[in-house]
Each structure stands twice: as C-alpha cells, then as structure tokens.
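A quick write-up on the structure given underneath.
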Number of protein chains: 2
Amino acid sequence: MHDVAARAGVSHQTVSRVLNDFPGIRPETRERVQQAIRELGYRRNMAARALATGRSEVIGVIMPEVPHFGPTSTLYAIEHAAKQVGFKPLITTASWDPESMGQALDFLLGRAVDALVVMAQHPDVLAAVDAITDVPVLFVLTGNSHAERSVAVDQERGTRLALEHLYGLGHRRFQHITGIAGLTEAQLRRDTFVAFLDEHGLERYPILEGDWSADAGYRAGLEVDDDVTALFVANDPMAIGAIHALEERGKRVPEDVSVVGFDDVPEAGYTHPGLTTVHQDFTEVGLRAVSLIFAAINGKEPGVVEPVEPWLVERASTGPAPS
Amino acid sequence: MHDVAARAGVSHQTVSRVLNDFPGIRPETRERVQQAIRELGYRRNMAARALATGRSEVIGVIMPEVPHFGPTSTLYAIEHAAKQVGFKPLITTASWDPESMGQALDFLLGRAVDALVVMAQHPDVLAAVDAITDVPVLFVLTGNSHAERSVAVDQERGTRLALEHLYGLGHRRFQHITGIAGLTEAQLRRDTFVAFLDEHGLERYPILEGDWSADAGYRAGLEVDDDVTALFVANDPMAIGAIHALEERGKRVPEDVSVVGFDDVPEAGYTHPGLTTVHQDFTEVGLRAVSLIFAAINGKEPGVVEPVEPWLVERASTGPAPS
DNA sequence: CCCCACGATGTTATCGTCAACATGGCGGCG
DNA sequence: CGCCGCCATGTTGACGATAACATCGTGGGG
C-alpha cells in the first residue's frame with residue numbers, strides 16, 4: 001500500500017480511502033491511485049484489514065462430516081447468496097460431540113468470522129453453540145426448533161404431505177425407515193409419522209432404522225413387513241435402496257407397496273419407478289440464511305422467519321392401495 | 001493476550017510461546033498460563049497472527065459453481081485430510097470465464113491463503129491461474145494434464161475399463177453421452193471413447209451431448225440410435241436418466257442395451273437395474289491433494305504424482321450383446 | 001571466588017490496514 | 001479585504017499477534 005501511495009504521489013491513507021470507496025476524493029486522484037494499483041498488481045492484505053476493522057467478510061459454516069444431499073445443496077446455496085453480498089464461507093466439519101464442536105468453534109471464532117452458520121443436525125449442538133455471543137449465530141436445517149435463530153424446511157409439513165398422499169390413495173398399513181437416530185430432521189419426520197398413525201388409529205409396525213444411505217435403505221427394505229402397503233422413507237437414497245430390496249423380495253412398486261421418499265434429489269425422477277418424494281427447496285434455505293445473517297451482521301433485528309414450505313412431487317412409486 | 005499475561009503474571013510473549021509450543025518454558029509457568037487462558041476463555045486472534053507470520057493456515061479452494069458429485073466428494077475429502085494437518089478450506093466458486101476466475105483468485109489471495117486448490121474443469125482456467133506465483137497452486141480433477149501440479153483420476157484408464165468390459169461382452173455398436181462440453185474430464189472421456197472406436201474399427205454413431213444431469217441423460221437417452229447395443233455415459237446420474245429413457249422406448253437394459261456409467265455414486269448399486277460403472281476414488285484424490293499441498297507449503301519438492309487408479313464395478317446394467 | 005554460558009523470561013519493533021484527528025488551501029460572505 | 005468553514009488530503013496511533021534482541025539469575029568450570 002505504501003508503494004502504491006508513493007507511485008500515485010499520495011499518502012497511504014488516500015489509497016485506503018480509494019480502496020474503500022470513501023466519498024470526498026477528487027476523481028483525478030482516485031484515477032491516479034487506481035492506475036498505480038493496477039500497475040503494481042497490488043492486492044490488499046485482508047489479514048491486516050481484519051485486524052484493524054475487526055471484520056473479516058467471512059462467515060463460518062459448520063457442516064456435518066458426511067456429505068449428504070441436503071447440507072451440501074444448502075452449502076452451495078449459501079455460497080452463492082453470500083457471494084452477492086461480499087461474503088465467503090469458511091468451512092469446517094464437525095460431528096455433534098462436544099469436543100468436535102468445540103474445536104470447530106474455536107477454529108472459526110479464532111478466525112474472526114463475522115457470523116456462524118451451524119448445520120445443526122443434532123439437538124446437542126444447540127447447547128454447545130448457545131454459549132457463543134461473539135458473533136451472530138444461525139442454525140440451518142434444525143427442523144422447526146429454535147425458530148427465532150434458524151432457517152429450516154418445515155419437516156412436519158413435508159411428512160404430512162407424504163403421509164396424506166398415501167392415506168388418500170387408500171393405504172392403511174404404513175411403515176417408516178428413519179434417518180440417523182438422534183438427528184433433528186430424522187427425529188421430526190419420525191415423530192410426525194408416529195403422530196399421524198395415532199391420529200388415524202393406524203397400526204404401528206416396527207420403525208426401521210436407517211442412516212440416510214442407499215445401502216441402509218436396502219437393508220431396511222429387506223425387513224419391511226409383508227402386510228405393509230405404504231412405505232415412508234426419510235430420504236431419497238434410502239428409498240431407492242428400499243425399492244431395490246422390495247423388488248428382490250418379489251414385491252412390485254407401486255402395485256404391492258407404495259414408496260415415498262424425501263429430498264427430491266435430481267435423480268429421483270429417473271429411477272425405476274420414478275420416485276414420489278417431498279421436495280425441499282435448499283436454494284431458498286440458503287437465500288434466507290444469508291439474508292438473516294446479513295441483517296444480523298449489520299445489527300438489524302430480523303423479523304419472524306417462516307419455515308420453508310416443502311411440496312410433494314408425485315411420481316410412479318406410489319399408487320392406489322392393493323385391495 | 002495482554003490480559004492473560006497479566007493474570008498469569010508473565011509477559012505476553014511468554015503467553016505467545018506457550019500458545020505455539022515453544023521449548024524452554026518452565027512447566028509450572030506453562031501451566032499457569034494455560035490456566036489463565038482457560039479462565040479468561042481466551043482465543044487467539046488469527047488475523048493478527050496471520051499478519052505477523054504471513055501464514056493463515058487456510059487453503060483456498062476454487063470449486064465449480066454446480067455441485068456435482070465429484071467435486072463435492074473431493075471437497076469433503078480435502079476438508080478431512082486438511083484438518084489433520086491443521087488447515088481449513090476457504091471455499092469460493094467460479095465458472096471458468098476469466099472474470100469469474102479473476103475475482104475468485106483476488107479474493108483468495110487477498111485472504112492470504114497458504115495454498116490454492118483449483119478444481120479446474122476447463123483448460124482455460126489453467127491460463128488464468130498460471131500467473132499465480134504467490135502461493136503453491138494445485139489442480140484437482142483436471143484429467144491428466146499439468147501432471148506435475150495436479151491430482152486426478154486417470155480418465156483414459158477409466159474409460160477404457162468401461163469400453164473393454166462392453167467389448168468383451170461382444171458389443172460392437174457403441175454410443176456415448178458426454179458431460180458438459182469443454183470440461184477437461186468430459187473431453188478426456190470423449191476423446192478416449194473415439195480413440196477406442198477407431199482402434200477397433202467400430203462404427204461411429206453420433207455423440208450425444210449431456211451436461212452431467214439426470215435430466216440431460218434422459219433427453220440424450222431418447223436419441224440413442226436403435227442399432228446401438230452399448231451405451232457409455234459420462235457419469236452416473238446421466239446413465240440413470242438414459243436408462244429411464246431407454247425403458248420408456250421399450251428397450252430393456254441390459255438385454256437390448258448395456259449401459260455403463262462413471263463415478264459410482266452411492267445409489268448406483270440400487271437403481272433398477274444396478275448400474276455398472278467406473279469407480280473414482282475421490283477420498284484418495286483429496287488425500288493426495290492435501291499431502292502435495294502440505295509438502296509445497298513447507299517448501300519440499302513433491303515427487304512425481306501418479307494418477308489415481310479407477311476401477312470397474314460390474315452390476316446388472318451390462319450383459320452380453322444381443323445376437 | 002569470579003566469570004561465563006545458558007536457560008527462562010521480558011522488551012521493543014514490526015506486519016498492513018483503518019480510524020481519528022490534524023493540516024492546508026480555497027472560495028464565499030460580511 | 002479578511003476571516004471562517006469546508007473539502008481534500010496528510011499524520012499518528014491503534015488492532016493483536018510474532019520475531020529479534022535484551023536481560024536476569026543461576027550453576028559450573030577454571
């Protein structure tokens with residue numbers, strides 16, 4: 001910066017003012033400085049800037065350690081939206097145990113991030129993060145809890161869309177394959193499933209434990225009860241795995257068993273049969289997340305945040321209940 | 001830091017020494033300092049540290065703008081491997097036009113990243129990045145070019161594995177659905193495909209243009225020539241889409257047409273039929289990338305880097321050529 | 001018994017930038 | 001014609017750490 005100032009025949013402070021678009025610089029001076037910057041290929045040192053201003057224009061993002069569709073899509077959406085307002089994400093992964101979360105937090109806060117986005121998939125992380133007061137914190141994908149500081153797709157609504165669709169087709173014997181036990185999203189889908197059964201007085205078949213993977217879906221699919229005609233699966237990859245298992249067992253989808261997934265991954269329309277599923281709009285989640293963060297960084301109080309509405313995409317994997 | 005020093009009754013420099021694990025600190029002093037750090041919940045300011053040392057312990061990663069399986073998996077692999085050696089990735093996305101790349105580079109270099117990982121999917125970015133000398137640069141997923149500064153899966157080998165498998169099953173009429181035109185990986189797969197046809201004196205059916213998406217695969221699948229019995233698709237999602245199209249057209253897979261994909265996404269084993277595909281080990285790519293970066297940061301000269309070996313996973317989507 | 005060397009710690013300068021205050025020139029108004 | 005005020009710019013002092021050098025005490029060797 002000193003060199004630039006010398007070359008342009010001004011003080012370094014004037015260079016700083018040009019860099020930061022301050023008013024009250026004579027156009028010709030500004031031009032001279034910019035010329036010098038170009039000639040010297042000067043790039044300002046953000047570490048120094050961060051030190052002086054206390055802001056880094058970086059938002060810390062804590063991701064789960066396994067790259068599932070939802071968090072990954074959201075990350076991309078956040079990156080795009082953040083770029084528009086001049087922020088970039090600094091990524092770190094963490095599982096939900098306190099030590100791992102603690103390390104992630106230490107790292108990001110030490111980095112003087114301007115805000116924190118936590119893809120909190122487990123209730124325990126809320127506690128770990130609650131102590132943070134240095135910077136605004138936003139939870140993403142937590143389900144509907146912590147509503148005033150979070151952005152999420154309405155899990156209960158999504159689940160009910162799926163189940164009501166099946167119920168409307170005449171199905172009465174439901175089974176569910178869950179996501180990873182303990183994760184908020186998996187839990188919400190499961191709880192809503194159980195609540196739905198009770199509300200309609202339907203029989204409870206055993207709930208099958210999955211881990212989001214197609215492989216787990218396949219294994220769970222082998223355990224699906226023979227009487228069941230409607231299978232609600234907590235995400236699409238598991239649904240694909242489960243359908244594979246059902247077909248191996250000689251059950252046809254949707255003639256014998258209807259299957260609904262969750263997420264609407266891009267392949268969902270092209271599997272065989274095409275997968276009926278609940279679409280989650282992660283782009284919208286990312287957009288809202290960044291706009292909330294931006295508001296918080298600038299000290300504005302965000303209004304109430306509505307959960308993002310999911311919708312049902314009907315495809316060939318669901319049909320009328322067999323008589 | 002000053003407060004910590006005061007509380008421990010030492011100078012700030014001693015605190016710094018404890019923080020950086022310098023030798024020659026009396027154990028009791030060290031303990032006193034660590035105690036003070038804990039009590040005050042002190043966290044060191046990395047911006048200041050970066051300013052003083054000129055190192056940030058952050059590696060810049062430039063990703064393509066669309067979250068495909070390969071780059072995303074590699075990102076996660078890099079994140080995990082980097083964490084082991086104390087680095088975190090700072091992510092930015094860029095398309096391959098010079099302006100977009102320039103902005104990404106400006107941002108990351110201004111951030112004083114210690115190294116740069118470029119998921120260079122297009123030959124043009126090589127030029128844009130070649131001018132960078134401030135920090136070590138590593139290309140990832142470029143295919144086999146720029147070998148001394150890149151890590152990649154051997155695309156030619158993967159493609160040949162797929163084609164030889166089909167050829168061995170008796171297929172002689174091949175068609176190919178490509179990835180996004182111009183991207184290095186897509187181009188390498190395509191070039192190898194064409195070379196293979198020529199080597200075996202096989203007829204050239206039109207090459208179908210895709211864009212990596214299941215949707216594009218479906219549309220291309222509608223165009224597959226009626227005589228063709230072997231379809232080589234540049235990635236798995238497109239293969240899934242193409243199979244869907246073929247089945248809609250009344251062609252059975254694999255009885256009428258055999259299909260091979262590329263990537264081995266986790267769902268590939270559970271689609272109907274299970275997808276024969278070329279497995280790319282992105283974890284290994286991430287591991288090698290980080291080890292090369294780490295070597296470069298510490299000034300060591302890396303040895304020659306072998307491309308990562310792909311392998312063929314045979315599943316139900318391929319079978320003997322129809323007679 | 002003195003001095004030196006070394007181990008443990010303190011002091012000062014520095015990294016590159018921004019914020020706050022200081023200066024200097026010029027035009028307008030009384 | 002002189003003074004005041006503002007516009008454009010310069011000067012100085014943080015920000016929070018590390019690096020290089022300075023100091024102090026102590027034990028061992030001559």
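Protein chains get the first letters and strands the later ones, always in sequence-line order, with residue 1 at the start of each. Values below: every heavy atom of this structure, side chains too, minus hydrogens, waters and symmetry copies.
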With B/H122, which residues qualify under ring pair (Phe, Tyr, Trp, His ring centres under 6.0 Å), at least two apart? B/W96
Partner of B/F139 under side chain to side chain contact (heavy atoms under 4.5 Å, CB included), chosen from B/V151, B/V129, B/T184: B/V129
When we call it a touch if two heavy atoms are under 4.0 Å apart, what does A/H12 touch: a base, just sugar-phosphate, or nothing? base
Note: contacts of residues 35-51 of chain B with DNA chain C (heavy atom, under 4.0 Å) are B/L51
Taken in chain and number order and not counting sequence neighbours, the residues that satisfy ring pair (Phe, Tyr, Trp, His ring centres under 6.0 Å) with A/Y76 are none
Does B/A52 or B/V10 map to a spot on DNA chain C nearer the 5' end, using the closest nucleotide for each? B/V10
Salt bridge present between A/E57 and A/R49 (N-O < 4.0 angstrom): yes
Footprint ends on DNA chain C, 5' to 3', for atoms under 4.0 angstrom from a heavy atom of chain B, come out as C/dA8 to C/dG16
Could you pick out which residue, B/R30 or B/T53, lies toward the 5' side of DNA chain C when each is mapped onto its nearest nucleotide? B/R30
Considering only heavy atoms of chain B and a distance under 4.0 Å, specify the first and last nucleotide of DNA chain D in 5' to 3' order that meet this criterion. D/dG16 to D/dA20
Candidates B/L90, B/V85, B/I78, B/V113 - the one meeting side chain to side chain contact (heavy atoms under 4.5 Å, CB included) with B/I59: B/I78
Indicate whether the side chain of A/Q280 and that of A/E309 have a donor and an acceptor atom separated by less than 3.5 Å. no
Does A/I25 reach a base, just sugar-phosphate, or nothing at all? Heavy atoms under 4.0 Å. sugar-phosphate
Let's go through A/N45 and B/R111 carefully: what are the C-alpha distance in whole Å and the side-chain angles of both, what is the deciding distance for side chain to side chain donor-acceptor pair (under 3.5 Å) to 0.1 Å, and is it a yes or a no? CA-CA 7 Å; A/N45 181 325; B/R111 218 40 74 152; over 6 Å; no
Please test B/Q34 against B/E39 for side chain to side chain donor-acceptor pair (under 3.5 Å), starting from the C-alpha separation and ending with a verdict. CA-CA 9 Å; B/Q34 284 170 337; B/E39 287 172 11; over 6 Å; no
Sorted by chain and number, sequence neighbours left out, salt bridge (charged side-chain N to carboxylate O under 4.0 Å, His left out) with A/R43 holds for B/D106, B/D134
Salt bridge flag under 4.0 Å for residues B/E31 and B/R38: yes
